[in-house]
Amino acid sequence: MKKIFKLVFDFLLFSNIFMSLCAVAQALVTFELIGSKPVLPVVGLLFTSTLGIYNFCIIITKPKKPEASPYFRVRWFFAHYRLMVTFTIVSLLSLIPLFFLITTESKILLIFLSILSFSYSLPLFAVGEQKFGLRNIPGLKPFLITLVWTLSCVLFPVLESMHLHLTNISMHDTTLLIAKRFLFIGALTIPFDIRDLFDDLKMGMKTIPTVLGEKRAYLFCQLLLAGYIVLLFLFRQNGFSVDFFALSLTTFLTGWLIFKSAWKKDEYYYFFFMDGVLILQYVVLIVAHLIFSSH
C-alpha cells in the first residue's frame with residue numbers, strides 16, 4: 001500500500017500536476033478575495049498552461065545523462081519521458097479551445113506571459129558561442145518566475161471577473177492585490193535559490209542568495225512576508241477581517257517553513273511543503289469562511 005501511495009505521490013509531484021494545482025489554488029484565492037465566483041476557463045487555462053510550460057522547460061533543458069542527475073525529480077521525469085512528452089503535448093494543445101473563451105485583454109496578457117515563460121529556458125541569446133535564456137541574466141530568474149505567477153494568478157482572474165460583472169474592484173485594490181501576491185510568491189522562490197546556491201555560484205549566476213548570502217537571503221524572505229501582511233491589512237480597507245487572519249496564519253506557517261528549509265534540503269520538502277502552501281492558502285481561506293459564516 002505504501003509503495004502504491006509513493007508511486008501516485010511521485011507522479012503528482014514530479015509530473016508537475018501538483019504545481020498546476022498550486023496555480024489553480026492561487027487563482028481561486030483571488031476569486032475569493034474579490035468576491036467573485038470562479039471562472040472555469042481561467043481555472044482550465046492555468047492548470048493546462050502550468051503543466052505544459054513547466055514540462056516543456058524540463059524537456060528542453062534535458063541533461064546529457066538525466067539518469068545520473070543529483071536531482072530525483074530529473075531522474076524520475078526522464079525515466080517516464082514518453083508519458084511526460086504526451087502530457088506536455090496534450091496540455092499545450094488544450095490551450096487552443098480555452099484561449100478563445102477569454103477576453104481580448106486576457107489574451108494579450110497570456111501571450112505576453114507565454115513569451116516570458118518560454119523565453120525563460122530557451123537559448124534565445126548568444127555571447128560568442130555561448131547561448132543562454134532569460135533565466136541566465138543576473139537577477140532576472142526569481143523576478144520572472146514571480147511576475148509570471150502573480151499576473152497569471154491575480155490579474156488574469158480579475159480581468160475575467162470584471163468582464164463578466166462578477167465583481168467590482170478598484171484599480172487601487174487591484175494594485176494592492178498584485179503587489180502583496182508578488183511579495184508572497186517572491187518569498188517562496190528564494191529558498192529554491194538558496195538550495196541551489198553552490199551550483200549557482202559555480203555557474204556564476206547572480207541570484208538573491210549569491211548576492212546577499214544565505215543568512216541574509218532568509219531574512220529577506222521574512223521581510224517580504226511582513227510586507228505581504230501589511231498590504232493584506234490595507235486591501236479593500238478590510239483591516240482585521242476573516243481573510244486577514246486566515247491568510248496571515250498561512251503566512252506565518254510559510255515563514256516557519258522557509259526558516260526550516262535551512263536544514264531540510266530534500267526535494268519532497270520543497271516541492272510538496274513549500275509549494276503546497278499555495279494550495280493551503282485557499283483551503284484555510286475557505287475553512288475560515290465556513291466557520292465564521294456558521295456563527
Pairing donors with acceptors under 3.5 angstrom, does anything connect the side chains of Ser161 and Thr167? no

Report yes if the distance between the aromatic ring centroids of Phe271 and Phe18 is under 6.0 Å, otherwise no. no

Looking at the rings of Phe11 and Phe87, which for Trp means the six-membered one, are their centres under 6.0 Å apart?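 They qualify: ring centres under 6.0 Å apart.
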
Would you please name every residue forming a side chain to side chain contact (heavy atoms under 4.5 Å, CB included) with Pro41, sequence neighbours left out?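 Val39, Leu101, Ile102.
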
Set of residues satisfying side chain to side chain contact (heavy atoms under 4.5 Å, CB included) with respect to Tyr268, sequence neighbours excluded: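 Applying side chain to side chain contact (heavy atoms under 4.5 Å, CB included) to Tyr268 gives Lys6, Phe9, Asp10, Leu13, Phe14, Phe72, Asp266.
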
Counting neighbours of [atom1] on [X] that are heavy atoms of other residues, nucleotides or ligands and sit closer than 6.0 Å, is the number greater than 12?
| X | atom1 | value |
| --- | --- | --- |
| Lys37 | NZ | no |
| Ile4 | CD1 | no |
| Phe244 | CZ | yes |

Side chain to side chain contact (heavy atoms under 4.5 Å, CB included) between Leu33 and Lys180, intermediate numbers included: CA-CA 12 Å; Leu33 292 177; Lys180 69 185 183 68; 3.5 Å; yes

Drop me the distance from [X]'s [atom1] to [Y]'s [atom2], to the nearest 0.5 angstrom.
| X | Y | atom1 | atom2 | result |
| --- | --- | --- | --- | --- |
| Glu160 | Leu40 | CD | CG | 11.5 Å |
| Ile190 | Tyr218 | CD1 | OH | 10.5 Å |
| Leu144 | Ser117 | CG | OG | 8.5 Å |
| Ser152 | Leu109 | OG | CG | 8.0 Å |
| Leu164 | Leu159 | CG | CG | 11.0 Å |
| His80 | Arg82 | NE2 | CZ | 13.5 Å |

Are [Y] and [X] co-members of a hydrophobic cluster defined by side-chain heavy atoms under 4.5 Å apart?
| X | Y | result |
| --- | --- | --- |
| Leu219 | Leu183 | no |
| Ile111 | Ile108 | no |
| Trp76 | Leu7 | no |
| Met171 | Leu176 | no |
| Phe272 | Leu12 | yes |

Could I get the full list of side chain to side chain donor-acceptor pair (under 3.5 Å) partners for Asp275, not counting sequence neighbours? none

Could you tell me if the side chain of [Y] sits less than 4.5 Å from the side chain of [X], heavy atoms only?
| X | Y | answer |
| --- | --- | --- |
| Leu249 | Leu253 | no |
| Leu224 | Phe184 | no |
| Asn16 | Ile58 | yes |
| Pro63 | Val74 | yes |
| Ser114 | Ser49 | no |
| Val287 | Ile291 | yes |
| Leu28 | Ile286 | no |
| Tyr54 | Ser20 | no |

Might you point out which heavy atoms bring [X] and [Y] nearest each other, and give the distance in Å?
| X | Y | value |
| --- | --- | --- |
| Gly44 | Thr48 | O-OG1, 2.9 Å |
| Thr50 | Ala23 | OG1-CB, 3.4 Å |
| Leu166 | Ser36 | CB-OG, 3.4 Å |
| Met274 | Pro191 | CE-CG, 3.5 Å |
| Pro157 | Thr30 | CB-CG2, 4.0 Å |
| Leu51 | Ser15 | CD1-O, 3.2 Å |

Could you walk me through whether Trp149 and Cys22 pass side chain to side chain contact (heavy atoms under 4.5 Å, CB included), step by step? CA-CA 10 Å; Trp149 269 78; Cys22 290; 4.0 Å; yes

Return the set of residues passing ring-ring contact (aromatic ring centres under 6.0 Å, His included) with Phe182 (not counting sequence neighbours), or none when no residue passes.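 Phe143.
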
Results of ring-ring contact (aromatic ring centres under 6.0 Å, His included) for Phe31 - residues two or more places apart only: none

Could you go step by step and tell me if Lys107 and Phe99 meet the side chain to side chain contact (heavy atoms under 4.5 Å, CB included) rule? CA-CA 7 Å; Lys107 287 175 182 174; Phe99 188 75; 3.5 Å; yes

Taking [X] for the side chain and [Y] for the main chain, is one N or O donor matched with an acceptor at less than 3.5 Å?
| X | Y | value |
| --- | --- | --- |
| Thr250 | Leu247 | yes |
| Ser94 | Ser91 | yes |
| Thr150 | Leu147 | no |

Pair Gln26, Val154 - check side chain to side chain contact (heavy atoms under 4.5 Å, CB included), show working. CA-CA 8 Å; Gln26 282 299 292; Val154 178; over 6 Å; no

Give every donor-acceptor pair under 3.5 Å between a side-chain atom in residues 227-236 and any protein atom, sequence neighbours left out.
unit_1 : atom_1 : unit_2 : atom_2 : d
Tyr228 : OH     : Gln281 : NE2    : 3.2
Arg236 : NH2    : Asn168 : O      : 3.2

